[in-house]
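When a ligand or atom number is given, it counts from 1 through the structure's own listing order.
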Amino acid sequence: MSEADPVLAAMRRHRSIRDFRPAPVPEADTERAVEAAQCAATSSWIQAYHLLQVTDPEERAELARLAGDQRQVTGAGAFFIVSGDTRRHRLLAQREGAPYAHSTELFLLATVDASLFAQNLTLAFESLGYGTCYIGGIRNQLAEVDRLLELPEGVYPLFGLCVGLPASDPGERPRLPARAVWSQGRYPSDEQVLDSADAFDVEAAAYYEDRGAPGRNWSGGVWRKFRRPLRPDLREVYDSKGASFD
Ligand SMILES: Cc1cc2nc3c(=O)[nH]c(=O)nc-3n(C[C@H](O)[C@H](O)[C@H](O)COP(=O)(O)O)c2cc1C
């Protein structure tokens, strides 16, 4: 379906870019994108996020390695770390001599705020003609990433973001139908949930086949991914950064 609305059309053109032309992202474009991204809604106006641009090429190379040898981290025109940021709030409380009460809720507030900001940022960059790729791989070895960047207490690194001019078009990855992720009144039955996954497997099969991976299926990828706990050290790392899950 072609989309007449220009913003929705831009959203529908999204694809993660992993192959970039070797051109830096001008600071003026980043500033423009960040200012637009900051207009995202933010819980109680707290603005609990931070965007750190990694400027040292050696640090970028090390981050690429820590993220599982992801070459787009060094190949992109710019690379950023998106963090949930409670530091400003802590410092404000400290300056007043007021207590600062940690809780799971504060970690969630910062994570949600940072994610809304990041997705607005991604869309802003895409609208300026750039390609983007989130890098959750930085959580593979999060303690090392945190040490390398010397992030202070109260700043929770969540994921990286590559931005640059695309060198090739990987094509769109299909999504579940809207009706599979949107229901009215009540959550769908387990049978409906599984039926929508089976139907999506048929669509995803064509996607895999186009990319030279016949026989792969989406639902198999999902259940295999969750057979073991993922990144089980994360709670400890975030605890050490001053988060609390009490
Ligand atoms: C929080 C987050 C972390 C991600 N981490 C990585 C990553 O480490 N490496 C990567 O190549 N893609 C990463 N991705 C991109 C996803 O794989 C991609 O969005 C998904 O497969 C759908 O493809 P599309 O973005 O091209 O539509 C990440 C996406 C998100 C939202």
Atom 11 (O) of ligand 1: the protein heavy-atom neighbour that sits closest, reported with distance to 0.1 Å: R18 NE, 2.6 Å
For I135, atoms of ligand 1 separated by under 4.0 Å from a heavy atom: 5 (N), 6 (C), 7 (C), 8 (O), 9 (N)
R216 to W218 six-membered ring, cation-pi geometry met (6.0 Å, 45°): no
Among S16, P174, S115, closest by any non-hydrogen atom to atom 18 (C) of ligand 1: S16
Separation of D146 CG from S240 OG (nearest 0.5 Å): 6.5 Å
Spatial distance of atom CZ (R18) from atom SG (C162) [nearest 0.5 Å]: 9.5 Å
Ligand 1-proximal atoms of R139, by part, heavy-atom distance under 4.0 Å: neither
Electrostatic pair R15:E172 at N-O distance under 4.0 angstrom: yes
N/O separation below 3.5 Å, R15 to ligand 1: no
N or O contact, G136 vs ligand 1, cut-off under 3.5 Å: yes
contact_flag E172 ligand 1 heavy-atom lt 4.0 Å: no
Co-membership, hydrophobic cluster, residues Y156 and I46, 4.5 Å side-chain: no
Which residue and heavy atom of the protein sit nearest atom 20 (C) of ligand 1, plus the separation: R173 NH1, 4.0 Å
Sub-4.0 Å heavy-atom contact, C133 with ligand 1: yes
Short side-chain to backbone donor-acceptor contact, R60 and A76, under 3.5 Å: yes
Geometric N/O contact G137 with ligand 1, under 3.5 angstrom: yes
Under-4.0 Å salt bridge between R235 and D239: yes
Proximal ligand 1 atoms for Q70, defined as those under 4.0 Å from one of its heavy atoms: 7 (C), 8 (O), 9 (N), 10 (C), 11 (O)
Minimum-distance protein heavy atom relative to atom 7 (C) of ligand 1: Y134 O, 3.3 Å
Pair Y238-S244, side-chain hydrogen bond (donor to acceptor under 3.5 Å, both in side chains): steps then yes or no: CA-CA 8 Å; Y238 288 126; S244 161; over 6 Å; no
